[in-house]
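Heads up: the structure comes next, in structure tokens.
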2 protein chains.
Amino acid sequence: MIVFTAMNEATTRDPDLTRSRILQAGFELFVDKGFAAVSMRELAQRSGVTKSLIHHHFGTKEGLWDAVKEAAFSRYYEGQKDELEGADAPDSNLLRNGVIRYFRFLQENPQVVRLFTWMHLENDSTCSEMDAELVALGARRVREAQEAGLLRADVNPTHVVTIFIHACSQWFEVRPQHKNWEGIGSDDEYLEDFMKIFMDGLAPGAAGPETDSN
Amino acid sequence: MIVFTAMNEATTRDPDLTRSRILQAGFELFVDKGFAAVSMRELAQRSGVTKSLIHHHFGTKEGLWDAVKEAAFSRYYEGQKDELEGADAPDSNLLRNGVIRYFRFLQENPQVVRLFTWMHLENDSTCSEMDAELVALGARRVREAQEAGLLRADVNPTHVVTIFIHACSQWFEVRPQHKNWEGIGSDDEYLEDFMKIFMDGLAPGAAGPETDSN
DNA sequence: TCATTGATTGACCGACCGGTCAATTCGAGT
DNA sequence: ACTCGAATTGACCGGTCGGTCAATCAATGA
């Protein structure tokens, strides 16, 4: 009986909701200020629970930090993996669409970019493991396109993926600052220019005559 | 008299040396762990002086942080500015050489990359102001090259500079991690591949026939 | 209905935080 | 030789830190 446990709000106990509220508060604060600059008392206040309750659910401050990273990363990871495995036939627009989707994802999840940057700075290994798999997946698709003659073959596929990841993520990492940069455009204008250069530079036979070569 | 004040080492007082020792310790620790995670006691121990002495020379922890950033950034800024203002005739290798020099600078000063990343995350304005000037300087040179017909003219010069800055700095920002990335190459191999794609993508007339255009 | 279990609370702990201050110690000008 | 100011020290401050603990409180199964 009492199947309708969902009817109560805030009046009764709901450990799952509590957990997720703490997680959300942790996500917001850690993304904003970084792990070291956030206090347990701050986390408690933001999530509307007691400090002890956070310890009850997550053990230590590091425990909560790990849970926050885990949750954010698994969301990111699943989304990206689905997109990468979605298409199967290599066509000339596959890379273009992949870049655009990646750019859009970061655009809609700027907090994730900040979180990953904090993780990178503290040499978090979780980050690198999952990243490695995604990059490998993307690199495989680039190699397929190269073998199909759709992309120039004289560049390392992993580097191709790395370059576009860098160009996208760094854009959002420093975006709060470059609004004062002289002549800089909007997200979309940047993406458009990047795509022009990147795609043309990757076209087969792009090693044109004006290169002084080696 | 007593002109040879340099003969004494550690025996006598040397406020300048003390200052620079504290600055160095601050640089190392802040780069490594970020501002919030470093304690005054840690800084004192690392620099071999008393905690009170740090307060005497720099006022507060923030004061030292500012001094560290100031010192690092002015070194970076002067170096980059010299290079950008050095050459004056726009030639086809100007951008290529500029990118390479920027890449080499980051390669030799990986700590600076970390420092700037910490600054970005805490929305430090010092960063953006000086960055803005450097980017504007670089963008001007790109525009000159465009007007001379050496680079494609249908892309925003500021975006061109932004893209290569991102591709270089993000590479070193995440470098500790991507050693496990499948198939990734060395610094130089990455730079080489990036230059291929970037320079060919920027060549005039790069908007080739295979683009489905718009 | 009642015992059990886990959610939740507030009081409390020792450690450490950044910062201050009065007291010393040196170096340099006179 | 004396003085004055800066460099340097260690003791000390109030406050905050992350974490613990015993005690309540509410749901749940027997």
Side-chain angles (χ1 to χ4, degrees), chain A residues 1-30 32-69 118 122, chain B residues 1-30 32-69 118 122:
Chain A
M1 319 309 148
I2 317 191
V3 189
F4 309 106
T5 32
M7 65 177 219
N8 35 27
E9 294 185 16
T11 36
T12 56
R13 301 180 172 191
D14 187 341
D16 288 343
L17 179 63
T18 299
R19 253 189 86 94
S20 77
R21 268 217 282 254
I22 298 172
L23 268 175
Q24 178 61 23
F27 180 74
E28 292 168 9
L29 286 172
F30 287 142
D32 194 35
K33 315 164 70 170
F35 176 75
V38 175
S39 76
M40 292 298 287
R41 285 159 177 86
E42 221 175 342
L43 287 160
Q45 186 173 7
R46 171 79 66 116
S47 44
V49 303
T50 315
K51 183 166 65 75
S52 317
L53 198 47
I54 304 182
H55 281 112
H56 175 71
H57 283 293
F58 297 95
T60 68
K61 190 185 169 191
E62 269 87 4
L64 174 58
W65 176 224
D66 287 342
V68 164
K69 291 186 293 190
W118 290 116
E122 50 180 43
Chain B
M1 317 311 148
I2 318 192
V3 189
F4 309 105
T5 33
M7 65 176 220
N8 35 25
E9 294 184 18
T11 36
T12 56
R13 300 180 173 190
D14 187 341
D16 288 344
L17 179 62
T18 299
R19 255 189 85 94
S20 78
R21 267 216 282 253
I22 297 171
L23 269 175
Q24 179 61 25
F27 180 73
E28 293 169 8
L29 286 172
F30 287 143
D32 194 34
K33 314 163 71 171
F35 176 76
V38 175
S39 77
M40 292 298 285
R41 286 160 176 86
E42 222 175 342
L43 287 160
Q45 185 172 8
R46 170 80 65 118
S47 44
V49 303
T50 315
K51 182 166 63 76
S52 316
L53 198 46
I54 304 182
H55 281 112
H56 175 71
H57 283 292
F58 297 95
T60 67
K61 190 185 169 190
E62 270 87 4
L64 174 58
W65 177 222
D66 287 343
V68 164
K69 291 186 292 191
W118 290 115
E122 51 182 43

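Chain letters run A, B, ... following the sequence lines, proteins first, then strands; residues in each count from 1. Computed from a prediction, not measured in an experiment: that's the story for all the values here.
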Donor-acceptor pair, Lys51(B) side chain versus Leu43(B) backbone, under 3.5 Å? no
Is it true that a side-chain atom of Thr50(B) and a backbone atom of Leu53(B) form a donor plus acceptor pair closer than 3.5 Å? no
Using whole Å, what does the distance between atom P of nucleotide dT8(D) and atom CD of Gln45(B) come to? 18 Å
Does the plane of the ring in Phe30(B) sit parallel, tilted or perpendicular to the ring in Trp65(B)? Use 30° and 60° as the thresholds. perpendicular
In whole angstrom, give the distance that lies between atom CG of Leu29(B) and atom C1' of dG18(C). 16 Å
Ser39(A) and Lys61(A), any side-chain heavy atoms less than 4.5 Å apart: no
Less than 4.0 angstrom from a charged side-chain N to a carboxylate O is my criterion; do Asp66(A) and Lys69(A) meet it? yes
In terms of side-chain geometry, is the basic nitrogen of Lys33(B) or Glu42(B) positioned less than 4.0 Å from the acidic oxygen of its partner? yes
Going from CZ on Arg21(B) to CG on Asp16(B), what distance comes out if it is rounded to the nearest 0.5 angstrom? 12.0 Å
Taking only heavy atoms on the protein side, list every residue of residues 34-44 of chain A lying under 4.0 Å from any atom of DNA chain D, sorted numerically. Val38(A), Ser39(A), Met40(A), Arg41(A)
Give the rounded distance in Å between these two atoms: CG of Asp16(A) and C1' of dA26(D). 16 Å
DNA chain D contacts among residues 46-66 of chain B, heavy-atom distance under 4.0 Å: Thr50(B), Ser52(B), Leu53(B), His56(B), His57(B)
I need the CD1-C1' distance between Ile22(A) and dT9(C), as an integer number of Å. 13 Å
Side chains of Leu64(A) and Val68(A) in contact at under 4.5 Å (non-hydrogen atoms): yes
